[in-house]
Number of protein chains: 2
Amino acid sequence: MIDKLEFILALARERHFGRAAETCGVTQPTLSAGVKQLEEQMGVLLVNRGSRFQGFTPEGQRVLEWARRIVGDSRTMREEINSLRHGLSGRLRLAAIPTALAMVAALTTPYREKHPNVQFTIYSRNSIEVLELLDNLEIDAGITYVENEPLGRVSNVPLYREHYRLLTSADAPLGNRDSVSWAEVAQVPLCLLTPDMQNRRIIDRLLKSAGGESRPTLESDSMILLYSHVRTGRWASVMPAKIADTLGLTDAIRAIPIIQPEAVQTIGLVVPAREPMTPITAALVAEARRVAPQLSG
Amino acid sequence: MIDKLEFILALARERHFGRAAETCGVTQPTLSAGVKQLEEQMGVLLVNRGSRFQGFTPEGQRVLEWARRIVGDSRTMREEINSLRHGLSGRLRLAAIPTALAMVAALTTPYREKHPNVQFTIYSRNSIEVLELLDNLEIDAGITYVENEPLGRVSNVPLYREHYRLLTSADAPLGNRDSVSWAEVAQVPLCLLTPDMQNRRIIDRLLKSAGGESRPTLESDSMILLYSHVRTGRWASVMPAKIADTLGLTDAIRAIPIIQPEAVQTIGLVVPAREPMTPITAALVAEARRVAPQLSG
DNA sequence: ATGGGTTGATAGATATCTTCTATCGATGAT
DNA sequence: ATCATCGATAGAAGATATCTATCAACCCAT
């Protein structure tokens, strides 16, 4: 039965019978039959079909909610029993927004020292995708903004606060300043993240409320790409202080605090709002609580 | 998979492979094989066996906890989907302590008017058994004391407060009084519930703290039996005011308030502490919240 | 000790269910 | 009109599950 519920989960994320079947490691007829069997047991159609997947019926959506929960619980149970025998082991799947990638190591490093048998898989995703992956049980935890856009069915542990810096060459127009305003930043051609990233939306909002407009010369979904452009000394960007520090800058590049307003965004760990958590996730939450005071600033 | 978890639940309540199998509607080898399969999947022994059932291993106890949850959720899901189609229908299973039996009708009657397709099964059990039945998913809700002995993993809705009366013939020693003390009651030969009932333990405690001792002439686990003895005019008992009122007394029998101390016990509805509840249970909780103010006194 | 009763495990046969491959019909795009 | 895509269906092969029958260990009483 639980495996049929996994079919529903796969179908929800793939929205396609064939692909859903593939991710479940079965053929498409098998998945079709599984869904159909669920429908017979429930006595209701769960999926609207018309020669292709057309979403879930209202009943299907409720079953989907339950499936998330039941499948999640059954995995947590297995993990818990496993931990009782072999200590903490398995794989911790994590997704972080690009601007937070640099600080993930502050979490994984002490974690690994305590639990050397846990392996990590870490995805770089935008904040919406992080929540989707969490919903679909494809990751155990996410790292994203915790106080802006709605989070949904998760609980969170604040980790640190993001302060913004103008990264620019020392000999560029604003290069000699000790601080700049958002209004001034709005005048500079910038390299920014793509608009699907919440960081970009935050910066757009700040620029707009300072009377400016966001007209980035260059967009990318990769911080590495933005950073490598800035390093040439010919481009400028707005980045969180923490990532600028981590990446390290040449002498010729300056990271100038942006004030007026002094904008701050909290980044935190998000985990499914369900008790109990898997032991692997619980240990990550504990670690997050431990390191948060050291990171904050 | 879920059906195997049901085997674990059945085994926990029956503590016997054969009987557990029977309640699951399978043969004993089938249940044995199911448990064994779970053990193989988990990689741990779940049940201590030595030619007979000897309880669960620590891992087995964890699996049992998860099984309660997962099986409960899967039933709730089915019920919820069913309610979406057919409105509220199915069976509401309830257990109440004997002293509360008389007031169950105050709950079931308005419930039935709103949801005529729901059928009821109502057990009379002691307070400990009520909680066990709840744990084992054998009932949807219980009615018992909510503030004395520990309740465990349940949430509760207070329903009314139990006040005690001495039921005795008008021409018996204390029969002409308007109120009596617990110390006085302790001198009277009483008909009381058996000591496995929390009501009896409460009364024993009250008698003892008034310097008396509990030496009931007659014990029974049935309120009907106690009541029928009192009605003869030759026996006395201590009962909650509510049940005395409901049963109705002859002219010759008086229900005398017992004061010093004026002892009060809260009775409430208890349901599994898990969200969401089955629609049938949720409706009962709503009903309980509605009628509680009218009952309290 | 010993025999009867009880308990859970095991063996083997049968039935059921599951999953696969192959193919079809419907739909939508070009 | 043609082609490609998608999900449903049919049929066969394989895997599982469940049953009956029986066994071995154990408990208890004599």
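No experiment lies behind these values; they were computed from the predicted model shown.
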Can you tell me if the side-chain N/O atoms of [X] get under 4.0 Å from OP1 or OP2 in [N]?
X: A:T27; N: C:dC20; value: yes
X: B:S32; N: C:dA9; value: yes
X: A:Q37; N: C:dT18; value: yes
X: B:Q54; N: C:dG8; value: no
X: A:T30; N: C:dT18; value: no
X: A:R49; N: D:dC6; value: no
X: B:K36; N: C:dT10; value: yes

Charged N-O contact under 4.0 Å between A:E65 and A:R68: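 Counted as a salt bridge, because a side-chain N and a carboxylate O are separated by less than 4.0 Å.
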Proximity to the side chain of [X] - top-ranked nucleotide from [options]:
X: A:V26; options: C:dC20, D:dC19, D:dC6; value: C:dC20
X: B:P29; options: D:dA21, C:dC20, C:dT18; value: D:dA21
X: A:R52; options: D:dC19, C:dG8, D:dC6; value: D:dC6
X: B:Q28; options: D:dA17, C:dG8, D:dG7; value: C:dG8

